[in-house]
Amino acid sequence: MASYDFREIEKKWMDNPEDRDINRGVDFDKREKKYVLVEFPYPSGEGLHVGHAFSMTGSDVYARYLRMKGFNVLFPMGWDAFGLPAENYAIKTGIQPQVTTDRITKLFKEQMKRMAFSFDWDREINTTLPEYYKWTQWIFIKLFEKGLAHKEEMPINWCPKDKIGLANEEVIDGKCERCGAETEKRTISQWVVKITDYADRLIDGLKNTDFIEKVKAAQVNWIDRKEGMEIEFLIGGSEEKIRVFTTRPDTLTGVEFLVISPDHKLAEKFGNDEVKRYVEKYKQRDIKNREEKQKTGVKLTVRAINPLNGKEVPIFVADYVSMDFGTGAIMGVPSHDERDKDFAKEMGISFEAVTIPEIGMWGEVVNKGWGKKKVSYHLRDWIFSRQHYWGEPIPMVWCKKDGWVSVPENELPIVLPKVEKYQPTDTGESPLANIKEWVDTKCPKCGGEAKRETDTMPNWAGSDWYFLRYCDPKNSSALADMEKMKYWLPVDMYIGGDEHNTLHLLYSRFIYQFLFDLGVVPKEHPEPYKKRLSHGVILAPDGKRMSKSKGNVIAPEEMTSKYGTDVVRMYMSFMGPFDATMAWNERSLIGVSRFLERFYKLVTEHAGKNSGQEMEGKRLINKLVKSAGEDLEEFKFNTVVAKLMETTNGLAKITGSIENEDLRAMVKVIAPLAPFVAQELWVVLGGHGSVHSQAFPVAEEKFLVSEFLSLAVQVNGKVRGVIEIKPEATEEEVIEKAKREEKIAKFLAEGEIKKVIYIKGKALNFVVG
RNA sequence: GCCGAGGUGGCGAAAUGGUAGACGCACUAGCUUUAGGAGCUAGCGGGAGCAAUCCCGUGUGGGUUCAAGUCCCACCCUCGGCACCA
């Protein structure tokens with residue numbers, strides 16, 4: 001027995017042309033701008049996920065609120081559409097990834113419209129379109145020109161079954177994500193981008209942002225800057241030296257052995273057969289998946305000399321030392337390092353406790369030339385090559401004479417050619433390698449015969465700079481117009497998942513800083529994002545993560561057709577704090593549905609009755625207006641809904657009528673959350689045009705005060721009674737009234753009043769002793 | 001181990017140092033001859049009591065304060081991220 005038909009209302013207002021205008025971000029508008037960005041999705045075949053629906057609903061409520069507050073809001077959406085699923089689907093079915101992508105993108109867009117997301121569709125972008133990735137390629141060329149991109153022999157994860165190189169994120173538990181075969185290590189030539197050159201900038205730049213603490217921490221920890229020293233150890237009977245990295249040069253006296261990584265080049269040089277076997281075994285495995293807690297290692301035939309005391313110590317190869325950090329070699333100080341102690345025990349190395357000199361040895365080590373100060377980072381350079389088809393072609397050409405040469409800018413974009421087969425080649429190159437007429441080209445420098453790079457870019461490439469493109473999505477002569485970027489940047493609020501707080505955010509900040517140095521983004525804005533907010537996670541009703549295999553997936557589409565868009569949006573706002581992990585609960589959703597019914601009834605019943613209104617109604621609505629505004633500002637949507645419910649419950653008890661103006665104010669408050677019902681009620685209340693272009697109401701202070709307020713009276717800190725006072729009552733009046741209250745007087749009589757604390761209108765405490 | 005976020009009814013959760021549990025779900029009782037996730041009224045942290053009322057309650061133990069879920073110290077547990085990082 002619904003009091004309103006959500007289907008009809010939705011149909012009526014879904015494509016309101018006026019709203020399309022309202023949702024547009026206007027370049028150079030005189031209103032103050034706000035750039036609200038929510039991560040654009042990878043359009044996967046399953047359609048819009050409830051997680052998308054949740055984070056986008058929160059972002060949308062916020063964007064709608066800001067518009068009503070009079071801001072010129074940029075709230076764009078697009079598609080991060082390069083990726084493996086479409087490619088895998090193509091391998092299976094032969095359907096071109098672009099075709100699949102176009103189809104799914106349309107589906108997503110439809111579903112987003114049904115959720116009433118107020119995106120500015122005029123600015124829609126798609127990372128797979130040549131007019132977009134032209135600029136992704138352009139950025140790569142600039143990186144190459146500035147010496148920040150080069151080819152390097154790199155060990156990669158190799159799937160022997162699929163004959164393909166896999167990125168770390170494509171290897172799950174040491175197995176290929178696609179076929180489940182054990183992966184191995186293989187060395188191939190890869191494009192590498194020197195993000196480490198920006199390590200310090202990426203840390204320092206955080207000062208110019210308001211990211212929440214955990215996001216800043218994630219960035220800093222990922223970069224993990226460590227100051228220490230590189231110390232040189234001579235190898236006995238050889239000209240070779242081993243450089244170790246340590247943050248504790250003062251423990252040099254306690255060195256009992258050195259350890260080098262199996263990837264260290266000296267392992268090969270000084271290794272006997274046993275060492276070779278160890279290294280071989282190590283390389284078969286995925287480094288990330290060592291389960292054994294026990295440390296293993298083998299001894300080299302040579303020994304190292306401690307520069308401090310000339311002591312000869314053995315050198316081991318062990319996999320607990322990683323080539324990725326420091327120098328790939330450490331000095332083993334079992335008396336001061338737990339891991340070294342474990343290793344010494346495993347290897348049967350005896351050691352004694354040593355006292356560390358009072359004064360650090362930094363100076364001595366440096367002065368005597370044994371070593372030098374060094375900063376080391378956990379952050380590694382960024383492997384930028386993928387041997388996949390469905391990605392941006394890397395715009396480089398290999399010429400025997402000139403080496404790697406970048407494609408001239410005026411030849412961009414290098415369009416991804418259509419292929420017949422999406423299977424990888426036997427050599428592990430991308431399917432592009434099979435297209436001879438595409439690969440064979442002329443060297444841009446010497447005009448001689450040359451070959452195109454067949455690697456494509458990683459998934460991150462297109463999403464690194466997409467927020468710039470939204471400022472000016474159709475520009476054909478630049479990433480985006482400088483003046484437009486100057487107007488819209490920085491992104492005021494960037495909403496996304498925790499999983500992107502490290503890599504995506506870091507890569508994207510790096511690319512922005514690089515573009516900043518090139519002078520192609522505004523010099524006024526050294527950082528791209530002002531604020532970063534993590535959205536929460538929605539679990540299945542069983543409290544587990546949703547997954548197709550568990551069959552516990554909630555589809556937003558199903559929910560909206562069953563209960564209506566407004567109910568689903570309001571429920572998602574109500575279910576908990578925006579950044580919390582919450583389980584879906586349909587009963588609770590029904591509660592929200594019941595509320596919306598009551599709300600609708602209340603407004604329609606009071607509409608047009610303007611006489612005999614009660615002050616209490618006015619007060620409730622003004623109170624709502626005030627606190628709801630504050631909560632919306634802070635993404636506290638759950639309490640906004642709670643307050644709307646509270647107000648509605650309170651108003652239902654009122655016998656008189658409610659003024660139309662107040663009803664309208666209430667409808668404006670609900671508008672960002674429940675846009676369809678709000679619009680319908682707006683019209684019922686005689687409003688003109690769209691409720692979404694109305695100014696968010698402002699509470700009138702004079703209506704906020706009630707005639708009486710209740711004050712908790714404490715005796716020795718415990719609440720012993722409540723008295724009704726007038727807000728303007730003086731301290732003396734309040735104390736007198738409290739003393740006359742029987743319940744309180746009883747406790748006061750137990751002793752002498754030593755002190756009275758009165759906080760106006762808030763608390764009264766008698767200290768009795 | 002490190003970093004981050006948390007620990008409040010049966011459940012999801014509220015609470016600028018000032019009446020803990022708003023709001024919702026579930027539940028209980030009653031009303032309404034009640035068309036399909038109904039509506040209305042009342043109750044709903046634990047204990048004692050016919051009741052008024054009293055005592056105890058925000059992970060544990062200390063502390064600051066007239067007053068602590070909230071601030072400080074130590075510890076325990078849960079979740080998320082990163083980890084043999086030298």
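Owing to the predicted nature of the structure, the values given are computational and were not obtained by experimental measurement. Throughout, protein chains are lettered first and strands after them, A, B, ... in sequence-line order, and every chain is numbered starting at 1.
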Looking at K643(A) and E630(A), does any basic side-chain N land under 4.0 Å from a carboxylate oxygen?
-> no

With nearest nucleotides of RNA chain B determined for P577(A) and D342(A) from heavy-atom distances, which residue corresponds to the more 5′ nucleotide?
-> P577(A)

N or O in side chain of R594(A) less than 4.0 angstrom from C25(B) OP1/OP2 = yes

Under-4.0 Å salt bridge between E338(A) and K341(A) | yes

Can you tell me how far C1' in G12(B) sits from the matching atom in A22(B), rounded to whole Å?
-> 14 Å

Torsion-based syn/anti label for G59(B), 90° from 0 as limit | anti

Using a cut-off of strictly less than 4.0 Å, decide whether K214(A) has a side-chain nitrogen or oxygen near OP1 or OP2 of C3(B).
-> no

What does U78(B) pair with, Watson-Crick or G-U, if both distances are under 3.5 Å?
-> A5(B)

Take atom P in A14(B) and the same atom in C23(B), then report the distance between them in whole Å.
-> 14 Å

Reckon E646(A) touches a base, only the sugar-phosphate, or nothing at all at heavy-atom distances under 4.0 Å?
-> sugar-phosphate

Taking for each residue the nucleotide of RNA chain B bearing the nearest heavy atom, is the 5' side occupied by I590(A) or by K643(A)?
-> K643(A)

Ignoring hydrogens and angles, does a donor from either the side chain of K295(A) or the base of C84(B) sit under 3.5 Å from an acceptor on the other?
-> yes

Across all strands shown, which nucleotide pairs with C54(B) by Watson-Crick or G-U wobble geometry, both distances under 3.5 Å?
-> G47(B)

For A14(B), does either OP1 or OP2 sit under 4.0 Å from a side-chain N or O belonging to N638(A)?
-> yes

What heavy-atom pair brings K226(A) and F245(A) nearest, and what distance separates the two atoms?
-> O-CZ, 3.8 Å

Any ion pair linking R598(A) and E605(A) (charged N to carboxylate O, less than 4.0 Å)?
-> no

With a 4.0 Å cut-off, would you call E752(A) and K754(A) a salt bridge?
-> no

When the distance from CD of E213(A) to C1' of A5(B) is rounded to whole Å, what number comes out?
-> 11 Å

Considering every strand shown, what is the Watson-Crick or G-U wobble mate of G24(B) when both distances are under 3.5 Å?
-> C11(B)

